[in-house]
There are 2 protein chains.
Amino acid sequence: MLYDALPTPRQAILPAERAVVPGLRRDARRDVADAAAHSRAIGGRLALISSAVEVQRHLLRAEQKVYRSGDPFTHLYVVNSGFYKVVTLSPDGREQIVSFKFRGDWLGLDGIADGAHDCDVVAMDIGEVWAIPYAALLQACALRPALMAVLHEGMSREITSDRNSLMTVCTLPADARVADFLSSWAGALARRGLRNDHIQLHMTRAEIGNYLGMTLETVSRALSRLAREQVIGFAGNGRRHILVHDAHALAGAAQHAPAAMLQ
Amino acid sequence: MLYDALPTPRQAILPAERAVVPGLRRDARRDVADAAAHSRAIGGRLALISSAVEVQRHLLRAEQKVYRSGDPFTHLYVVNSGFYKVVTLSPDGREQIVSFKFRGDWLGLDGIADGAHDCDVVAMDIGEVWAIPYAALLQACALRPALMAVLHEGMSREITSDRNSLMTVCTLPADARVADFLSSWAGALARRGLRNDHIQLHMTRAEIGNYLGMTLETVSRALSRLAREQVIGFAGNGRRHILVHDAHALAGAAQHAPAAMLQ
DNA sequence: CGGGCGTTTGAATCAAATCAATTGGAGTGG
DNA sequence: CCACTCCAATTGATTTGATTCAAACGCCCG
């Protein structure tokens, strides 16, 4: 496992792989407007951060780590580009992917409490993160309430999204969890102004399964079933490129909870 | 469901149900010292908060809600006493208990991101929470860096503990999840300077099952097995009072992951 | 071209859910 | 005070969704 993540080129390239959203979903005029607004909001947040504090830009290749469990906590990070997985490791050796991260997401918030990180963050592709010294960020926050609001919003959103994951895992059967995963991913892309009818999965079935609390075979079967039902399709090479044919049906499939779980 | 939680007596009684920890675990001289230190730390945090901002004290009875999903976000809360469950509700009607809260825990952090709460917090017993206007808290934080540190630590800890829940649910079989639940609860009590060899469960088997992603029958069977193996015992009335006979064995039972989950 | 890895699919097995019956308190009212 | 109801918990029998075991396929890369 590579780990030259942080002591790396701190150069600036900024590939900025934003795509314009061509408004592909049928009934989605408002969705597109919302997405555009959100996208502006994310760009605005990034601009606010980089204008208020000195950020250090780090380029990462696939498999490189932004930080790892046990590292002393000194910086927070904001994702500028790329996709990342957050992995926690239990004392007895269990590994759990607890979330996936995109442009605009914060990384490192776990480290604040105890002064040391307690998870690994791994790039799933090339990408760029901005490192922000926590001390400097706090000082800047004192001067700029808007910056503080952005930071707190990030923490709060992290809490709610982690709780949503728990809800998904605890209340949905396997097939619905996979549908929910795809649907949420599409939503996250839309919120960033990226097209959301094509999903490029940057992870293996095993990683999806780990994240959703099931085996890779079950993930594969669930995807096959969704494809058989024409809800999604596969494009290109390694079955990792998903076409969302029917976003509505996909969202519906993500709600098929067993009756016992309702109430 | 009662909901006169907030517009309630704002009076102060402060029952302060701290028990002295008599050092019951065998090898636990250091644990006791740690627990005492933590306890002081929690008391210190509460003291810091109440000295820095004007808190409004709210007494709650069992089943009353501190806030509910959809409520506009205006206050954060800190638990002074009692036990609380945090419940999220999905759009399609699934209910999920995402955490249980104790003395010293923050409530309401979920509301910061969108200006509205997205879960219910329900008292499982009588207790007292302190309501802190968020705007006032931020102002106080600007003046008192230590207060900011306490707030951020609370958010960070919330993130890590939510992720731990996900890890537990995703990687452990049912019996181990129940053991882990008890073990974690005992740990949380110890950290607050409360005795941790007696656990009073304030919730039904169904609620534990919901939290752990299993049915009430499975919870009951897991508890029965732990009791049969002398790891725990039952005391008193409604099988809700647990005696932890062997904390070490309990922690061990919480690690029996299937081999496939290790790596 | 061959090896390795990721994915798919099938068959067998197993852990947990479901269905069902019983017990045990707590509270109520005659 | 006791019969009654209601609800939580326990325990057993059965079913089922997901895992495990196994085999085959496709793709990338040396």
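Numbers restart at 1 for each chain; the letters A, B, ... are given by sequence-line order, proteins then strands.
- An OP1 or OP2 oxygen of dA17(C) is reached within less than 4.0 angstrom by a side-chain nitrogen or oxygen of Thr218(B).
- For Phe100(B) and Phe83(B), the gap between ring centers reaches or exceeds 6.0 Å.
- Applying the side chain to side chain contact (heavy atoms under 4.5 Å, CB included) test between Val98(B) and each of Asp110(B), Thr88(B), Leu166(B), Asn210(B) identifies Thr88(B) as the sole match.
- We find that CZ of Arg225(A) is positioned 11 Å from P of dG10(C), with the value rounded to whole Å.
- Under the 3.5 Å distance criterion, with hydrogens and angles disregarded, no donor-acceptor pair is assigned to the side chains of Gln230(A) and His245(A).
- When each of Asn237(A) and Arg177(A) is assigned the nucleotide of DNA chain D with its nearest heavy atom, Arg177(A) is the one assigned upstream, toward the 5' end.
- Distance from the side chain of Ala174(B) is smallest to dA16(C) among dA18(D), dT7(C), dA16(C).
- With dT11(D), dT19(D), dC28(D) as the candidates, the nucleotide lying closest to the side chain of Thr215(A) is dT19(D).
- Between Ala186(A) and Asn196(A), the closest heavy-atom pair is O-CB, 3.2 Å.
- Listed pair Arg240(B) / dA9(D) meets the phosphate criterion, a side-chain N or O lying under 4.0 Å from OP1 or OP2.
- Mapping Leu216(B) and Gly238(A) onto DNA chain D via the closest heavy atom, the residue that lands nearer the 5' end is Leu216(B).
- Rounded to an integer number of Å, the gap from CD1 of Ile208(A) to P of dT8(C) is 9 Å.
- Atom NE2 in His202(A) sits roughly 17 Å away from atom P in dG6(C) (whole-Å rounding).
- For Thr204(B), whose side chain is taken as the heavy atoms from C-beta onward, the closest listed nucleotide among dT10(D), dA8(D), dA18(D) is dA8(D).
- For the pair His256(A) NE2 and dA18(D) P, the interatomic distance rounds to 13 Å; values are reported in whole Å.
- Close to dT11(D), at under 4.0 Å from its OP1 or OP2, lies no side-chain N or O of Ser220(B).
- When the side-chain nitrogen and oxygen atoms of Arg205(B) are compared with OP1 and OP2 of dT10(D), one or more of them lie within a distance under 4.0 Å.
- Between Glu217(B) atom CD and dT18(C) atom P the separation is 8 Å, expressed in whole Å.
- dA8(D) atom C1' lies 16 Å from atom CG of Asn210(B), rounded to whole Å.
- Proximity note for Ser224(B) (side chain, C-beta onward) versus dA9(D), dT8(C), dT11(D): the nearest is dT11(D).
- Distances shorter than 4.0 Å separate none of the side-chain N or O atoms of Arg221(A) from OP1 or OP2 on dT9(C).
- Side-chain contact between Glu63(A) and Met124(A) is absent, with no heavy-atom pair separated by less than 4.5 Å.
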